[in-house]
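As structure tokens, the structure follows; a few thoughts come after it.
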Amino acid sequence: VLSRAMAALGAYRCIECNGEATELYRDYQHGVLRISICKSCQKPVDKYIEYDPVIILINAVLCKAQAYRHILFNTKINIHGKLCIFCLLCEAYLRWLQLQDSSQNTDPDDLIRYAKEWDFYRMFGIASLEQTSFFIGIFITLWWMTPEMLKKQSDFILLLKALLLSTYGKLLLIPAVIWEHDYTPVCLAFIKVFVLISNSQAIRVTLNLNRILPWFAIFFGLILENGVVLLFQKMGWDV
């Protein structure tokens, strides 16, 4: 059940025009609900409140702005932290697996096994630093280009939450590795592109921007991320 406090603050958003709304629906009791109509566009504020979660997920995978607004503004999803950790674990596992494939050492000694375990932790740390630098690049670009959009701490928190949730595509890394075949590199490239598209849509929906600026921010984020990768490579680390 959505909190009354949020409704009092007008914290809901119309998924069609991004206008503010005080309520998503009105409960007439006895199971009778009436979806609220947006005053700006005269459409239902949030049609997804009566949709099955599977339908909402499919629309989110299709990167529909309406589904993103529903998830970010009109629901109380609080899994972004856990989702981020799990996605980083997936990416670390993929890198660790590729590192083991490139290693020819088959010595069963305990010291070797411990070294391989620490390699996984190292890959997790590297993946975390790369994602952090990617997000920092995005925040710097958006703060520079649209400072009026990121005036308050809550704006930064909301954008960070949106970016973390939009990285869910990294979960596809695990099945791509498990069902390995000749086209695995192509699948991994498509997953990377899908995650970037999701990030772009999350930025666009959160800050109500055009399509160009989010991609500019992502491009700068990728530059900063690749700079971190080059730094690790100069240090002699396998990334």
Side-chain angles (χ1 to χ4, degrees), residues 12-21 24 38 40-41 43-88 90-91 94 127 130-131 134-135 137-139 141-142 145-146 149-150 155-176 183 185-223 225:
Y12 302 124
R13 297 285 185 89
C14 172
I15 64 172
E16 300 294 341
C17 68
N18 202 39
E20 291 188 355
L24 299 178
C38 178
S40 299
C41 64
K43 294 181 179 179
V45 172
D46 192 345
K47 62 183 180 181
Y48 285 116
I49 60 175
E50 58 180 1
Y51 279 34
D52 188 89
V54 176
I55 303 299
I56 299 174
L57 178 60
I58 292 174
N59 280 264
V61 171
L62 295 174
C63 292
K64 289 191 175 182
Q66 294 89 341
Y68 274 71
R69 291 191 183 104
H70 167 78
I71 294 171
L72 293 174
F73 298 119
N74 299 338
T75 61
K76 297 176 67 177
I77 294 179
N78 195 29
I79 64 170
H80 48 281
K82 296 178 181 178
L83 180 62
C84 174
I85 297 297
F86 195 72
C87 288
L88 287 174
C90 292
E91 189 167 355
L94 173 63
E130 288 181 9
Q131 180 164 294
F134 175 67
F135 286 167
I138 290 176
F139 278 107
T141 305
L142 293 175
M145 298 293 292
T146 58
M149 295 289 183
L150 298 171
D155 298 329
F156 283 94
I157 294 175
L158 179 61
L159 180 56
L160 178 60
K161 178 181 177 180
L163 287 171
L164 291 176
L165 289 175
S166 63
T167 59
Y168 67 92
K170 290 184 178 181
L171 299 178
L172 298 173
L173 292 172
I174 294 298
Y183 300 103
V186 178
C187 293
L188 297 179
F190 274 118
I191 292 172
K192 178 67 174 180
V193 172
F194 175 73
V195 171
L196 293 178
I197 293 174
S198 299
N199 293 154
S200 172
Q201 191 71 309
I203 296 171
R204 176 172 170 250
V205 167
T206 304
L207 301 181
N208 197 26
L209 301 173
N210 56 37
R211 296 179 183 272
I212 298 177
L213 188 54
W215 279 110
F216 184 76
I218 287 175
F219 177 73
F220 188 79
L222 287 174
I223 292 177
E225 178 184 352

Q | Summary of salt bridge (Lys or Arg N to Asp or Glu O under 4.0 Å) pairs that have at least one residue in residues 158-175, sequence neighbours excluded | A | Glu91-Lys170
Q) Can you name the residues that form a ring-ring contact (aromatic ring centres under 6.0 Å, His included) with Tyr48, not counting sequence neighbours? A) Tyr51, His70
Q) Between Gln201 and Arg204, is any side-chain donor less than 3.5 angstrom from a side-chain acceptor? A) yes
**Q.** Close side-chain approach of Phe134 to Leu163, heavy-atom, < 4.5 Å
**A.** no
(Q) Going by the rule side chain to side chain donor-acceptor pair (under 3.5 Å), which residues pair with Glu225 if we only count those two or more places apart in sequence or in a different chain? (A) none
Q: Please assess Gln131 against Cys84 for the test side chain to side chain contact (heavy atoms under 4.5 Å, CB included), listing each intermediate value before the final yes or no.
A: CA-CA 10 Å; Gln131 180 164 294; Cys84 174; 3.3 Å; yes
**Q.** Flag, side chain of Asn74 to backbone of Arg13, donor-acceptor distance under 3.5 Å
**A.** yes
Q: Evaluate the criterion side chain to side chain contact (heavy atoms under 4.5 Å, CB included) for residue pair Cys38 and Cys17; output intermediate values, then yes/no.
A: CA-CA 9 Å; Cys38 178; Cys17 68; 3.5 Å; yes
Q | Residues which pass ring-ring contact (aromatic ring centres under 6.0 Å, His included) with Tyr68, listed by chain and number, not counting sequence neighbours | A | none
Q) Would you call Cys63 and Asn59 a side-chain contact if the rule is heavy atoms closer than 4.5 Å? A) no
Q. Nearest heavy-atom pair of Leu171 and Pro175: which atoms, and what distance?
A. O-CD, 3.3 Å
Q. Do Phe135 and Thr167 have side-chain heavy atoms sitting under 4.5 Å apart?
A. yes
Q: List in chain and number order the residues that pass side chain to side chain contact (heavy atoms under 4.5 Å, CB included) with Leu62, two or more places apart in sequence or in another chain; answer none if no residue qualifies.
A: Ile58, Lys64
Q: Could you pull out all residues at least two apart from Leu57 that satisfy side chain to side chain contact (heavy atoms under 4.5 Å, CB included)?
A: Val61
Q) Mind checking what makes ring-ring contact (aromatic ring centres under 6.0 Å, His included) contact with Phe190, not counting sequence neighbours? A) none
Cut-off 3.5 Å, no hydrogens considered: what does the side-chain donor-acceptor table look like for residues 193-200, sequence neighbours left out?
from	atom 1	to	atom 2	distance (Å)
Ser198	OG	Phe194	O	3.0
Asn199	ND2	Ser166	OG	2.7
Ser200	OG	Trp215	NE1	3.2

Q: Name all residues meeting the side chain to side chain contact (heavy atoms under 4.5 Å, CB included) criterion together with Ala189; count only those two or more places apart in sequence or in a different chain, and write none if there are none.
A: none
Q) How would you list, by chain and number, every residue that makes a side chain to side chain contact (heavy atoms under 4.5 Å, CB included) with Leu172, sequence neighbours excluded? A) Ile191
Q. Heavy-atom distance under 4.5 Å between the side chains of Met149 and Leu209, does that happen here?
A. yes
(Q) Using side-chain heavy atoms (C-beta onward) and a distance below 4.5 Å, is Leu159 in contact with Leu207? (A) yes
Q. In chain order, what residues pass the ring-ring contact (aromatic ring centres under 6.0 Å, His included) check against Phe156, with sequence neighbours excluded?
A. Phe139
Q.
Is the shortest side-chain heavy-atom distance between Leu213 and Ile203 below 4.5 Å?
A. no
Q. In terms of heavy-atom contacts, does CD1 of Ile77 have more than 12 from other residues, nucleotides or ligands at under 6.0 Å?
A. yes
